[in-house]
Structures are given as structure tokens and as C-alpha cells.
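Written below as C-alpha cells is the structure these notes are about.
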Amino acid sequence: MSFSSVDLVNMGRDCARDRGAVCSNRALPAQASAPGSHRVSRAGPAGGFLSCEIPLPVAGFPLLWRVLTPLAMATPRVRFAPSPSGYLHIGGARTALFSWLWARGQGGQFILRVEDTDQERSSVDSVAAVLDGMKWLGLDWDEGPEVGGPNGPYFQSERRVLYREKTDELIAKGHAYRCYCTKAELDAQREALKAKDPKAKFRYPGTCRDRSDTPDIPHVVRFKVPSSGRTEFKDLVFGVVSTPNDAQQDFVIVRPDGFPLYNLACVVDDHEMGITVVARGKDHIGNTPQQIMMYEALGWDVPDFAHLPLMLSSKGDKLSKRHAAVGVQDYRDRGFTPDGVLNYLARFGWSYGDQEIFTREELQKYFSWDRVGKADGKFDERKFADVAFEHLKRPELTGDDAYIAGTLRFLEKRGFESPSADLVARALSTIRDRAKSFEDAAWHLDFYFRDEPEMDAKASKKFLKPDNAQHLEGFHEIVADCDWDAEILEKAVTDWVAETGVKMKLVAQPARVALTGRSASPGLYDVMVLLGKERSLSRVLAGIEIAKQAGG
RNA sequence: GGUCCCAUCGUCUAGUGGUUAGGACACCGGCCUCUCACGCCGGGAACAGGGGUUCAAGUCCCCUUGGGAUCACCA
């Protein structure tokens, strides 16, 4: 079979466009195309291109594989593999979410694995923080820390024996070798090159590549990268990605202290844990070829890869702590709901027609890789706030009990001891479409929990002034005679205002400030009912005093 | 610099050759109104540029430009 270059290019495109079709066909194993979707070619550029033919005969090449595939593998095993950094990054949370959605939506498994091979960066606390973030978001895992599972341990630092075995195998097969060059030596060479030619890019010169003796002195282990050909794979999001092998150098897979590096540990674990879909940030797309080389060298099936476009700051650079909240814990601490956060995250790089608001069940049902976009995006605080708010507004998204519990937490934070859940419950309907977060909700309810409202100076100055004192007195007189019911109060006040010809505003605003200490609040009569007759009347009286004394 | 990737309103996006280019956030008007919100109605706002292919291109191809990622004994 031969193709013109145009044909080949077109075929590659077809591959890319088919990515969704393969995945969304539930009758097939989700990764039906996996075995044919990658190839390491060592025959030069032309051979590399030819591998484009592989994804096409879906019914051909993968047939044998399908027959041999255990039924259980028809559903995906997706992992999230964070490194413990002290908090769950919002971008990492999105990767976790997409992975989790795919696993849950397809009836597969979601595996959590901690990549703590870098001892300097990990600690018990930082692992706990990541786990906390996952738990708060409700991204539960079937295998991993705390829950265990048949493929444990789920901490890379506890799997060193395994990496050692595979490294030995790689060396025995001639795919890896010991390198005795020290970091200091290499750095010196790097410097020397830089001095000679500032623009030159240093590459490991292959000093130990063909060394025949293997003395037992400190060394790293390097993977022997093929010097020609191309490595390519079919990404679930990006389609076919093809890289020349000579763009790689013999990369280190084991450090002198015996600890594996990311690429090795990742490949060994993903294989040993039976992972079928590797989803991660697009910043990993560059070492995917290296990993595929290792899969091939070890004779293993290559999983599907799904690289996610990056979540950037509003300015377009890397989203870091400097740009407000990057840890999911921050969102919890600011009083948002996990579902609201998840909803925003889901819509970031993924879409489902014009729908903006989703329940987590809908997310599971609708999610698929072919609806994931390719372009990086900028985090938008305001859009996030809106999505989060939408979740707070709708009782079907945030139930009354959850709302009350969330608000109580923040009332306590404001210093109120065991605030009344009953009062919050009764006030709920008046704050649902006002509070942007539970923290905000607690602020809105603040004045109910104090003996005296905290008086806003501006509001007081503007409305509690001598001119309004008589209006407030009239108001007091009218409501004092009423049964304490919102409708009755409203009618009484409205009628009185109509009779006397006083502007409603001149009554309502001073009354509001007297009752709440603020110039903005939920409806006056609702507030009065929740406050109770006694407290309402005394606050109005107090307001009258303030008004009389103001300016005089 | 090499390699890889990306490109529709300010932002998140719909769009798979034929659309008045749709939605959401934000913004600007208006309505509602005891304030603030909510809600409702309306408005401005985008296919980076240039070549092809085609009867027809935001959609396919190429180039340019712009942006990003990555080139570690980090992950």
C-alpha cells in the first residue's frame, strides 16, 4: 500500500476528527483504537508517516486484540496522579474532574495515585491537602490512598522495587543503560558549550551509551532513544501528534539514589495499574513520546492519552498563587459549593451545546473527550462567580439543608456561637438570590444575630436624620398595632403612606437602616417578621433617637 | 533556537461547506421596585491576515502573523 503525501495528510485529519466517534460509541470498548493508534517507527520520516494508516482499519488490526480483551477492560480505568504540593491546584482539579467524569460516566474506575518520587517536595501534610481537596469536590476514587485496592501501593515512593525490576529489564533488553557522567560534569559541559555558542542547545553527548563495563559506582540510568524515525500517538483531544525521535535525547529514568524519574514511574504504574486512559495537562504532551517509547520497549500496550488545554490566568500566563485562588481549598474557604466549582471547571475547555449549568449527574452523563476543546483558556473570576451563584440560587442545585449548613459555618466564622439553624432556614428565601457565597450569606444575615445591628455610618448619616424622625415615628405607630405578618404589615404601611402622602422611600429607607444598619437589605416586611415584633420595634425606636440627635 | 500544539465577541464557548455567525459572563440602556438583589426586555461586541480548493469556506489545504507548551539527575 502506498499513499501520496496528500492522502496521508488527509488520513491524519480523519483520524483526528474520528477521535470522538470512537469514544462515544458505547458498544465498543472505549479504547478500541488504542492498539493501533500509536507506532514507533524507526524507518525514517516516510515510515513515520505511513503509520497514519493504523487508526483507520478499526475492524481489522484491533480485532485480535478485542477478542483477547477481558470484558472488564471494556470500561475505562482512568487515573489522576497528582504530586503532593500542599494544595490541590484548580487546574489539577479540572484534570481530575474530566478523568473522574469519564470513569463514572462510562461505568469504569477512577484511580488516585500519588506521585511523590520527589522526596524534597512531598510531605504527609501536603498529601493530605490534596486528598482533602478531592474529597471536598466529591471526586471519589475506587482505588488509591485510604481506600486501597488490588494494585497498590498507591504512593510511588512505596513502589521502588517495581521500578527497579523494570529498569533492570530495560537494561537487559538494551533499551537503557547506566550512565556514570555526574551532574557536575554535565553542567560543566553545558557551561562550556554556552560559552562557545550562547544559542546552542546542550544535549547529552551519549558518553556512556555504548560503554561496556558496568562498575558498581554511583550512576543514573538513561533510556536509549532511537536516533531516527518518528513516534506518534492519537490523542483523544488533539488527534494525531507526531514527533521526530531525534528531538529527544537519552533521558534519565533513574537517579543515583535509585529513585525513578517521572517518565519511568508513570509508565510502570499506569501499566501495572491497568490504566486505559491517561488524562493530564497539555504541558505533558511533550513527554508522551518518551513514555510511548518505554511502553514499546517493555512490550506493553499503550493507553489512550487525553491532553487537556491549559488553564491560564486572566492575563494569559501560568495560573499561579499570585492570581488569587489556585487551590480548591480557597474556594471552600470562600464559601462556594463544590458543585458550583465543578460546573465552572467542567465548562472550561468542555461544552455541551448552549448549556451552562449542570448537575454533577448531567456532567457524568454528557461528558466525552470529543467535546473537549484544544485551545488554552483564561480563568475568568466573574464567570466563575456567576456559575457559583447560579448553583446557590437554585434549590435543585444546592438543597436547603446544604445551604443552611454552609451558611452556619460562616456565621460561626463571624463569631456567632451556635447560630440558629431555624432562623437561617426561615431567612433562606430572602437571601438565595442575593448571596454570592455562603460567606456572603452569613454577611447578609449578620444583623439578625446581634442585639443591635452594626450601623453603617454612611447609611445612618443619609437616612437617620432629623427630617426623617417623624416618618419613623409614624411608621412605628402604625406597625406597633399590627399582627406580625408580612402581608398585614405591608398593607398597613402602604395604606398609611397613601393617606398621608408621604413618599414610601422616606419611610422605608430610614426604617431599613434602623432595622438592619444598612441601606440595602431584603424586603422590609420579611426582615421585620424574621426579626420579631419586639426587636423590630425597639430598633425602630432606637433609630428614631439617632435621627433626632443627628445634626443637632 | 529545536520540537510540539493552538487561533470565533473583552472572557468561556456553539458551529463539523450553504447560519441574519448562536449562547453564557462582563458591559450599556429600559422595565419591575421600599433599598439591594433576583427576574424580564433590548443593545453594542468576534470568525488574526493572505493565498488556494469549491457553485459555495468561520468550517478543507498552504503560507504568514500571533500565542502557548516543552527541551532537567521536577512532575
Side-chain angles (χ1 to χ4, degrees), chain A residues 6 9-10 13 17 20 81-83 85 115-118 120-121 156 179 181-183 186 190 198-204 219-222 235 238 241-244 246-249 251-257 259 261-263 265-266 280-289 307 309-310 312 314 316-318 344 347-357 371 373-387 389-390 393 430-436 444 459 463 490 493-494 497 503-513 516 518-525:
Chain A
V6 172
V9 166
N10 287 336
R13 179 152 301 279
R17 293 178 56 174
S83 56
S85 57
E115 310 222 321
D116 57 347
T117 56
D118 187 350
E120 287 171 20
R121 300 208 318 204
Q156 290 190 325
C179 171
C181 302
T182 65
K183 187 153 184 357
L186 258 18
R190 200 186 315 264
K199 281 179 283 190
K201 181 69 194 175
F202 179 77
R203 285 172 63 104
Y204 172 67
H219 61 274
V220 300
V221 177
R222 285 180 186 273
D235 193 272
F238 287 95
V241 178
S242 173
T243 336
D246 61 13
Q248 316 286 350
Q249 47 187 319
F251 53 92
V252 176
I253 57 177
V254 181
R255 293 197 279 211
D257 62 6
F259 271 91
L261 253 17
Y262 171 69
N263 278 317
C266 181
R280 64 207 344 179
K282 203 181 68 178
D283 48 335
H284 283 286
I285 209 165
N287 52 41
T288 304
H307 288 94
L310 267 24
L312 274 16
S314 57
D317 49 358
K318 201 163 185 178
Y344 177 76
R347 279 287 290 103
F348 195 100
W350 174 84
S351 62
Y352 190 75
D354 283 342
Q355 189 170 344
E356 297 284 351
I357 302 301
R371 304 199 67 94
K374 300 177 186 178
D376 295 342
K378 297 174 185 172
F379 187 92
D380 185 354
E381 204 94 30
R382 293 173 302 189
K383 175 88 173 190
F384 166 77
D386 179 72
V387 173
F389 185 30
E390 209 59 49
K393 270 189 297 196
T430 71
I431 55 170
R432 263 219 198 254
D433 48 22
R434 287 184 171 77
K436 309 289 185 186
H444 276 288
F463 295 109
E490 176 163 18
V493 174
T494 309
V497 164
K503 284 244 190 265
M504 186 58 162
K505 258 186 199 178
L506 295 179
V507 175
Q509 282 305 80
R512 185 186 318 285
V513 176
T516 69
R518 302 164 180 176
S519 58
S521 81
L524 211 50
Y525 313 106

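What's counted below: heavy atoms across the whole structure, side chains too, no hydrogens, waters or symmetry copies. Chain letters run A, B, ... following the sequence lines, proteins first, then strands; residues in each count from 1.
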Between [N] atom [atom2] and [X] atom [atom1], what is the distance in whole Å?
X	N	atom1	atom2	value
A/R190	B/A72	CZ	C1'	7 Å
A/L524	B/U35	CG	P	11 Å
A/K378	B/G68	NZ	C1'	11 Å

Are [X] and [N] close enough that a side-chain N or O sits under 4.0 Å from OP1 or OP2?
X	N	answer
A/R371	B/G15	yes
A/K199	B/G1	no
A/R255	B/C74	yes

Counting heavy atoms from C-beta on, name the nucleotide in [options] closest to the side chain of [X].
X	options	answer
A/R382	B/G10, B/U3, B/C6	B/G10
A/A375	B/A7, B/C38, B/C73	B/A7
A/Q509	B/A26, B/U35, B/C4	B/U35

Under-3.5 Å donor-acceptor pair between A/K282 side chain and B/A69 base: no
What about A/R434: does its side chain form a donor-acceptor pair under 3.5 Å with the base of B/C38? no
Would you classify A/F251 as touching base, sugar-phosphate or nothing, given that sugar-phosphate means primed atoms plus P, OP1 and OP2, and contacts are heavy atoms under 4.0 Å? nothing
Taking the C1' atom in each of B/U70 and B/G39, what is the distance between them to the nearest angstrom? 49 Å
